[in-house]
Amino acid sequence: MSDTVPILAINPPRSEVEMGSVTPYETAKGRRYRVLYRKPDHTEAENRGFTTIREAKLHLSMVTGSKSKGEYIDPTSSRVPVRMFAGSSRRSSGRPSRSRRSA
């Protein structure tokens with residue numbers, strides 16, 4: 001009898017398993033593709049509306065690459081309320097006011 005221990009399957013690192021997925025779905029305008037992935041904070045994210053599977057896979061690979069480099073920026077963190085732009089654009093529009101001109 002041999003005293004060898006059976007070799008167990010080694011699971012790949014977690015980051016490789018959770019790369020993401022591309023799934024198709026149907027719309028009135030035809031088939032579209034959805035990209036699902038995990039953000040660095042381990043919450044799930046989704047991007048939809050890709051017309052080709054190639055576009056969807058390219059997007060997934062770009063997100064995965066930016067996460068691995070530490071350059072990932074969450075798209076929802078860059079959203080700015082419209083009122084912030086509306087207030088500042090009125091003040092700095094560069095157009096003259098509508099007050100009466102003196103002749």
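Sequence positions, counted from 1, serve as the residue numbers for this chain.
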(request) Please examine the side chains of R32 and T51, heavy atoms only from C-beta on, and report whether any two atoms are closer than 4.5 Å. (result) yes
(message) I'd like to know whether CZ of R48 has more than 12 heavy-atom contacts from other residues, nucleotides or ligands below 6.0 angstrom.
(response) yes
(request) Mind checking the CG-CG spacing from L36 to N47? Nearest 0.5 Å is all I need. (result) 9.0 Å
(request) May I ask you to establish whether R34 and Y25 are in a cation-pi arrangement, using a distance under 6.0 Å from NZ or CZ to the six-membered ring centre and at most 45° from the ring axis? (result) yes
(request) Can you label the angle between the Y37 ring and the Y72 ring as parallel, tilted or perpendicular, going by 30° and 60°? (result) perpendicular
(message) If you define the side chain from C-beta out and look only at heavy atoms, does anything of H59 sit under 4.5 Å from F50?
(response) yes
(message) Measuring from atom CD of E46 to atom OG of S21, what distance do you get when rounded to the nearest 0.5 angstrom?
(response) 9.5 Å
(request) To the nearest 0.5 angstrom, please state how far the NZ atom of K67 sits from the NZ atom of K69. (result) 14.0 Å
(message) Tell me whether L58 shares a hydrophobic cluster with L60, the cluster being built from Ile, Leu, Val, Met, Phe, Trp, Tyr side chains joined at under 4.5 Å.
(response) no
